[in-house]
> 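Quick one: the structure is below, questions incoming.
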Amino acid sequence: MALLSKGKSSQETRTSGQTAEALVVRKNYLIMLGAPKCGTSSLSAWLGLQPYAALARQKETLYFTDFADLDWSGPGADFLEGRPQSVGAFFDEYSENPEAELRIEASTDNLSCPAAVENIARFVDRDDVGEFWLVAVLRDPIERIVSEYEHTLRLGWQTDSLLDSLKLEKERKDKGYHPLFRHIERSHYFTQIGRYKEIFGDRLTVLDFHRIREDAERKKLLGWMGYADEVEGELQHDNKRHVVKRPQAVQFLKNERLLDLGRRVFPKRMRPALRNLLTGREVGRYQARESEIDFILAAMRDEIAACVEAHEIPTDNWTVPMRCS
């Protein structure tokens with residue numbers, strides 16, 4: 001699919017073939033592809049602080065995926081509620097800052113969802129889309145998988161071991177479980193990046209999760225996009241991992257009616273202690289067992305080797321290639 005050569009955007013341009021010569025206001029788009037648990041929340045939030053930028057109201061709109069066409073079940077099956085299904089609803093995601101020149105969309109399933117590639121290609125060919133860029137952030141796949149598994153524990157969505165979760169991945173996908181259970185599939189970086197490179201070429205850049213905290217790395221990103229390299233705000237660590245002994249209680253405590261009742265019944269000074277009593281102590285970060293690492297390596301050895309060979313995928317900070325040798 002050939003891409004249009006875009007002109008610099010938030011200028012007004014006249015559309016051809018219309019007697020009224022309606023004015024079209026073009027917006028620039030930065031579409032973050034993923035991967036999940038690789039710092040896209042922190043990076044997109046920081047980008048949204050720049051004076052010319054607007055982050056989608058829902059950081060992950062999932063607009064470019066085909067998830068709305070699929071049947072979902074299991075924990076978190078309602079995750080598509082409130083997500084935009086039409087282009088008008090997608091544009092409404094930016095209604096809080098309509099004057100912003102640059103719009104940011106950061107659905108981490110853009111990378112692993114095959115349908116997203118051509119959906120994005122069709123979108124950027126619209127008359128009201130100006131310049132566009134695509135950014136992927138990647139990390140060592142074992143680290144990513146462990147972080148994703150911890151996230152399911154934090155949500156209280158499973159009590160299985162990581163090894164059991166890995167073994168159940170295909171069965172859960174066939175049943176329509178939430179994408180958070182697709183540990184191996186979401187780590188096939190070489191295949192996924194290749195789909196985007198084929199269509200978008202140098203409109204795509206790949207960043208190293210371990211380096212996005214460096215000011216120089218983020219300035220380089222802005223420069224690549226053609227924006228001034230002065231940066232505003234600090235990069236915050238969003239989505240910090242806190243896994244507690246009883247994660248189901250965390251979800252229970254998110255009930256608005258229960259929260260309202262608790263605020264009326266318990267003094268503010270008592271609430272932290274009560275919360276800790278209900279959820280239990282925080283447990284340490286999950287340490288993957290050798291059997292779990294061996295399972296990941298057996299499933300991904302060729303993908304990992306291809307990533308190491310690919311010049312566009314930064315693997316210098318990965319430990320997993322050494323385990324493959």
Side-chain angles (χ1 to χ4, degrees), residues 1-3 31-40 60 62-67 69-70 105-124 132-149 162 165-174 176-210 292-325:
M1 180 179 295
L3 296 177
I31 300 173
M32 301 191 70
L33 306 177
K37 313 309 293 180
C38 291
T40 56
E60 301 208 26
L62 299 174
Y63 177 67
F64 298 116
T65 71
D66 62 351
F67 288 175
D69 299 328
L70 306 178
E105 202 281 339
S107 298
T108 55
D109 282 292
N110 286 333
L111 187 59
S112 59
C113 176
V117 183
E118 293 203 3
N119 287 340
I120 292 172
R122 282 190 289 270
F123 177 79
V124 299
F132 67 93
W133 304 270
L134 294 94
V135 175
V137 187
L138 306 181
R139 72 191 291 190
D140 183 299
I142 291 179
E143 291 182 7
R144 195 209 73 78
I145 287 170
V146 169
S147 180
E148 184 168 70
Y149 168 69
L162 173 56
S165 190
L166 292 165
K167 289 179 177 179
L168 288 167
E169 180 170 331
K170 183 181 184 306
E171 178 184 335
R172 286 171 165 171
K173 179 181 178 180
D174 291 344
Y177 269 43
H178 193 286
L180 269 172
F181 292 96
R182 301 179 184 181
H183 308 309
I184 299 294
E185 178 181 305
R186 288 168 126 193
S187 304
H188 279 204
Y189 305 149
F190 179 77
T191 299
Q192 295 158 3
I193 292 295
R195 287 196 292 255
Y196 279 94
K197 271 290 181 182
E198 182 178 356
I199 293 180
F200 295 101
D202 59 8
R203 294 278 182 163
L204 166 69
T205 192
V206 183
L207 304 182
D208 181 354
F209 162 81
H210 298 275
E292 294 165 337
I293 294 173
D294 288 344
F295 188 98
I296 295 169
L297 295 181
M300 294 195 55
R301 194 174 299 274
D302 291 344
E303 274 282 330
I304 293 167
C307 286
V308 173
E309 293 297 319
H311 69 276
E312 69 269 18
I313 298 179
T315 60
D316 292 348
N317 290 305
W318 292 12
T319 60
V320 67
M322 293 183 288
R323 293 178 180 269
C324 290
S325 59

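What you see is a predicted model, and the numbers here were worked out from it, not measured in a lab.
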> Do you know which two heavy atoms are closest between Pro141 and Met300, and how far apart they sit?
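Nearest heavy atoms, Pro141 then Met300: CB-CE, 4.2 Å.
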> Where is the tightest heavy-atom contact between Val308 and Thr315, given as atom of each residue plus distance?
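Result for this residue pair: CA-OG1, 4.0 Å.
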> Which pair of non-hydrogen atoms, one from His183 and one from Ser165, has the smallest distance, and what is that distance?
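Answer, listing the atom of His183 first, then Ser165: NE2-OG, 2.9 Å.
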> Would you compute the distance between atom NE2 of His210 and atom CG of Leu138 and round it to the nearest 0.5 angstrom?
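If I round to the nearest 0.5 Å, the distance is 10.5 Å.
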> I'd like to know whether Val135 forms a side chain to side chain contact (heavy atoms under 4.5 Å, CB included) with Leu33, so could you lay out the CA-CA distance, the side-chain angles of the two residues, the decisive distance to 0.1 Å, and finally the verdict.
CA-CA 6 Å; Val135 175; Leu33 306 177; over 6 Å; no
> Evaluate the ring planes of Phe200 and Tyr196, with Trp represented by its six-membered ring, and classify them as parallel (under 30°), tilted (30 to 60°) or perpendicular (over 60°).
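Phe200 vs Tyr196 ring planes: parallel.
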> Around Asn317, counting heavy atoms of other residues, nucleotides and ligands shown, do more than 12 lie under 6.0 Å from its CG?
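Correct, the count exceeds 12.
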> Please identify which of these residues, Ile199, Val124, Ile120, meets the side-chain contact (heavy atoms from CB on, under 4.5 Å) condition with Leu134.
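The option that passes is Ile120.
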> Taking atom types as modelled, is there a side-chain donor on Ser112 or Glu185 under 3.5 Å from an acceptor on the other?
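Distance-only check fails for Ser112 and Glu185.
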> Could you check whether Glu312 pairs with Lys197 (Lys NZ or Arg NE/NH1/NH2 to Asp/Glu carboxylate O, under 4.0 Å)?
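Salt bridge between Glu312 and Lys197, a charged N being under 4.0 Å from a carboxylate O: no.
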> Thr191 and Glu303: side-chain donor and acceptor closer than 3.5 Å?
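Thr191 vs Glu303: donor-acceptor pair found between side chains.
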> Run the side chain to side chain contact (heavy atoms under 4.5 Å, CB included) test on Lys167 and Phe295 for me, step by step, so that the C-alpha distance in whole Å, both residues' side-chain angles and the decisive distance to 0.1 Å come before the verdict.
CA-CA 9 Å; Lys167 289 179 177 179; Phe295 188 98; 3.7 Å; yes
> Determine yes or no for a side-chain-to-main-chain donor-acceptor pair under 3.5 angstrom, with Glu105 supplying the side chain and Phe64 the backbone.
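Answer holds: no.
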> With side chain to side chain contact (heavy atoms under 4.5 Å, CB included) as the criterion, how do Leu204 and Ile193 come out once you've worked through the C-alpha distance, each side chain's angles and the decisive distance to 0.1 Å?
CA-CA 9 Å; Leu204 166 69; Ile193 292 295; 4.2 Å; yes
> At what distance, to the nearest 0.5 angstrom, does CD of Glu143 lie from OG of Ser187?
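These two atoms lie 11.5 Å from each other.
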> Before accepting this row, confirm whether a basic side-chain N of the pair Arg144/Glu148 lies closer than 4.0 Å to the acidic partner's carboxylate O.
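Yes, this pair counts.
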> For Asp174, is the CG atom crowded, meaning more than 12 foreign heavy atoms sit under 6.0 Å from it?
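Correct, the count exceeds 12.
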> Heavy-atom count check: over 12 atoms from other residues, nucleotides or ligands less than 6.0 Å from Phe209 CZ?
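Counting neighbours around CZ of Phe209, more than 12 heavy atoms of other residues, nucleotides or ligands fall under 6.0 Å, so yes.
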> Compare every heavy atom of Glu60 with every heavy atom of Asp109, then report the nearest pair and how far apart it is.
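It is N-OE1, 4.4 Å.
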> Can you give me the closest heavy-atom contact between Leu111 and Arg195, atom names plus distance?
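So the two residues come closest at O-NH2, 3.4 Å.
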> Roughly how far apart are Ile293 CD1 and Leu297 CG, rounded to 0.5 Å?
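One gets 7.0 Å once the value is rounded to the nearest 0.5 Å.
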> Calculate, to the nearest 0.5 Å, the distance between atoms CG and CZ belonging to Asp302 and Phe190 respectively.
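Spacing of CG (Asp302) from CZ (Phe190) equals 10.5 Å.
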> Quick one: side-chain contact (heavy atoms from CB on, under 4.5 Å) partners of Leu168, sequence neighbours excluded?
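Applying side-chain contact (heavy atoms from CB on, under 4.5 Å) to Leu168 gives Asp160, Glu171, Arg172.
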> So, Asp140 side chain and Thr319 main chain: donor-acceptor pair closer than 3.5 Å or not?
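It does hold such a pair.
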> Would Arg203 and Phe132 count as a side chain to side chain contact (heavy atoms under 4.5 Å, CB included) here? Give the steps.
CA-CA 7 Å; Arg203 294 278 182 163; Phe132 67 93; 3.9 Å; yes
> Within the structure provided, determine whether Arg186 and Glu169 are in side-chain contact (heavy-atom separation under 4.5 Å).
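No, every pair of side-chain atoms sits at 4.5 Å or beyond.
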> Under a 3.5 Å distance rule, please check whether Thr65 uses its side chain to pair with a backbone N or O of Leu62 as donor and acceptor.
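Checking the backbone N and O of Leu62 against the side chain of Thr65, a donor-acceptor pair under 3.5 Å is found.
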> When rounded to the nearest 0.5 angstrom, what distance separates CD1 in Ile31 from OG in Ser107?
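Going from CD1 on Ile31 over to OG on Ser107, the span is 9.5 Å.
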> What's the spacing between Arg182 CZ and Tyr177 OH if we round to 0.5 Å?
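Separation between the atoms: 13.0 Å.
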> I want to check something: taking the side chain as every heavy atom from C-beta on, are Pro314 and Leu207 in contact at a cut-off of under 4.5 Å?
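Pro314 does not reach Leu207 side chain to side chain.
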> Write down the atom of Cys38, the atom of Arg139, and the distance for their closest heavy-atom approach.
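Closest pair (atom of Cys38, atom of Arg139, distance): SG-CG, 3.5 Å.
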